[in-house]
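A quick write-up on the structure given underneath.
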Amino acid sequence: MSTPQAILDNLVVIASDHNGFDLKADVKHALQEMGKYVVDLGPYSLQKKVDYCDYASEVGQIIENGEAGRGVLICGTGVGMSMVANRYQHVRAALAHSVDVSQKSREHNDANVLCLGAWVNSSADNLEIVHTWFGSPFGQGRHVRRIEKMTPHSADSIVFTNGIFDIMHTGHIQLLQFAKSFGGKLIVAINSDRSTRLIKGEGRPINNEQDRKSVLESLDCVDEVLIFDEISRAALWRRCNRTSS
């Protein structure tokens, strides 16, 4: 049985202007064959010309609100649609005129709106772009940091991370700076000397818990440091939940 989140992830909103009307019908059919739930926002006839801005704004707002997993926008070139859609903070609209760009926009950029040009490619080529885009997963890894740098985060948010942080190196600093970018306050929980020995063995930590705490507190990106004695992250999470409730 599909969960509400799975249904949302497979929900695609699609729209076009009059130039993309015929291609929209082909793309809609292809998406349905792929098992997607498709909501067609129009236009529904070619009786009059329409403004691409209106349809791109509607799709952009829906993606911004988290009411659909993906969007597809079609006009003559796709340029106007992408310009309008990318004005919404949580929209990453990719203008894809080739299969390679389609695939990379998903792998590298985690694009959530695909913009197509009905004048630029044949229907068959555009459908290949669609299949590639929906079949390409986000690459994760190094790309996550880059995506988060262009994702808005509330300055009122509290970010929490944990670790031993015994021998500090540049990787630790980059991790903490990245964590701080998710909100306004960063709290770091570090393993006590006892729990560090249980995890790492005798001879560890090299630096005691108070020294490790002091080093972390000296970093501009760290707002508060807590020492915890739990061995597993799950146990630490349970304690935090008890404390907050």
Side-chain angles (χ1 to χ4, degrees), residues 1-11 63-70 89-92 106-112 136-245:
M1 181 180 294
S2 296
T3 64
Q5 186 60 51
I7 293 173
L8 183 65
D9 291 342
N10 279 288
L11 181 62
I63 299 298
E64 172 87 345
N65 294 343
E67 296 168 341
R70 305 269 188 95
Q89 287 188 327
H90 295 285
V91 171
R92 294 178 298 279
R106 285 290 306 131
E107 179 189 351
H108 289 196
N109 313 117
D110 196 22
N112 51 18
S136 300
F138 177 44
Q140 302 290 337
R142 68 187 186 280
H143 305 299
V144 173
R145 182 181 73 254
R146 295 162 185 169
I147 295 299
E148 288 304 325
K149 283 186 176 182
M150 61 180 180
T151 302
H153 297 289
S154 171
D156 297 327
S157 298
I158 296 175
V159 184
F160 178 88
T161 189
N162 69 284
I164 294 175
F165 297 101
D166 189 9
I167 307 172
M168 292 288 289
H169 53 75
T170 56
H172 287 130
I173 305 298
Q174 291 171 354
L175 169 66
L176 293 170
Q177 289 173 336
F178 176 53
K180 180 60 177 282
S181 71
F182 281 80
K185 183 176 182 179
L186 174 61
I187 298 176
V188 181
I190 61 172
N191 290 84
S192 66
D193 291 344
R194 186 193 76 86
S195 63
T196 299
R197 281 192 295 273
L198 292 174
I199 295 170
K200 296 290 188 178
E202 291 299 322
R204 296 292 299 274
I206 293 173
N207 297 297
N208 66 54
E209 60 192 44
Q210 291 302 325
D211 284 347
R212 289 183 281 128
K213 184 175 187 289
S214 295
V215 169
L216 286 168
E217 287 175 335
S218 71
L219 300 175
D220 290 338
C221 59
V222 176
D223 295 286
E224 187 173 351
V225 180
L226 306 175
I227 299 172
F228 68 95
D229 206 38
E230 285 80 2
I231 300 300
S232 70
R233 183 175 295 180
L236 172 61
W237 185 247
R238 285 195 295 270
R239 190 182 81 167
C240 290
N241 284 337
R242 288 197 301 270
T243 303
S244 61
S245 61

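For the single chain, residues carry numbers from 1 onward in sequence order.
- Minimum heavy-atom separation, Phe160 to Ala189: CZ-CB, 3.6 Å.
- You'll find the side chain of Leu198 reaches within 4.5 Å of the side chain of Arg194, heavy atoms only.
- Side-chain contact between Asp193 and Arg212 is present, with at least one heavy-atom pair separated by less than 4.5 Å.
- For Glu64, the side chain to side chain donor-acceptor pair (under 3.5 Å) criterion is met by no residue, not counting sequence neighbours.
- The side-chain contact (heavy atoms from CB on, under 4.5 Å) test with Ile190 singles out one residue from Val225, Val215, Asn162, and that residue is Val225.
- Here Ile227 contributes atom CD1 and Ser192 contributes atom OG; the two are 8.0 Å apart, rounded to the nearest 0.5 Å.
- Annotation: salt bridge (charged side-chain N to carboxylate O under 4.0 Å, His left out) contacts of Arg204 (sequence neighbours excluded): Asp166.
- Atom CG of Asp211 and atom NZ of Lys213 lie 11.5 Å apart (nearest 0.5 Å).
- The minimum heavy-atom distance between Leu11 and Ala68, with the atom names listed, is O-CB, 3.7 Å.
- For Thr196 and Asn191, the side-chain atoms include no donor-acceptor pair closer than 3.5 Å.
- Across all non-hydrogen atoms, the minimal contact from Phe138 to Glu107 is CD1-O, 3.3 Å.
- In this structure, Glu224 contributes its side chain and Ile187 its backbone to no donor-acceptor pair below 3.5 Å.
- Of the possible donor and acceptor atoms, none in the side chain of Asn109 sits under 3.5 Å from a partner among the backbone N and O of Ala111.
- Counting heavy-atom neighbours within 6.0 Å of Asp220 CG, excluding the residue itself, gives a total of 12 or less.
- Arg92 CZ to Asp110 CG: the interatomic distance, rounded to the nearest 0.5 Å, is 4.5 Å.
- The two atoms that bring Ser195 and Glu230 nearest to each other are CB-O, 3.8 Å, heavy atoms only.
- Ile63 contributes atom CD1, which lies 12.0 Å from atom NE2 of His90 (distance to the nearest 0.5 angstrom).
- The NZ atom of Lys185 sits 12.0 Å away from the CG atom of Asp156 when rounded to the nearest 0.5 Å.
- To the nearest 0.5 angstrom, Glu217 atom CD is 10.5 Å from Asp223 atom CG.
- Heavy-atom minimum distance, Leu216 versus Val222: O-CB, 3.4 Å.
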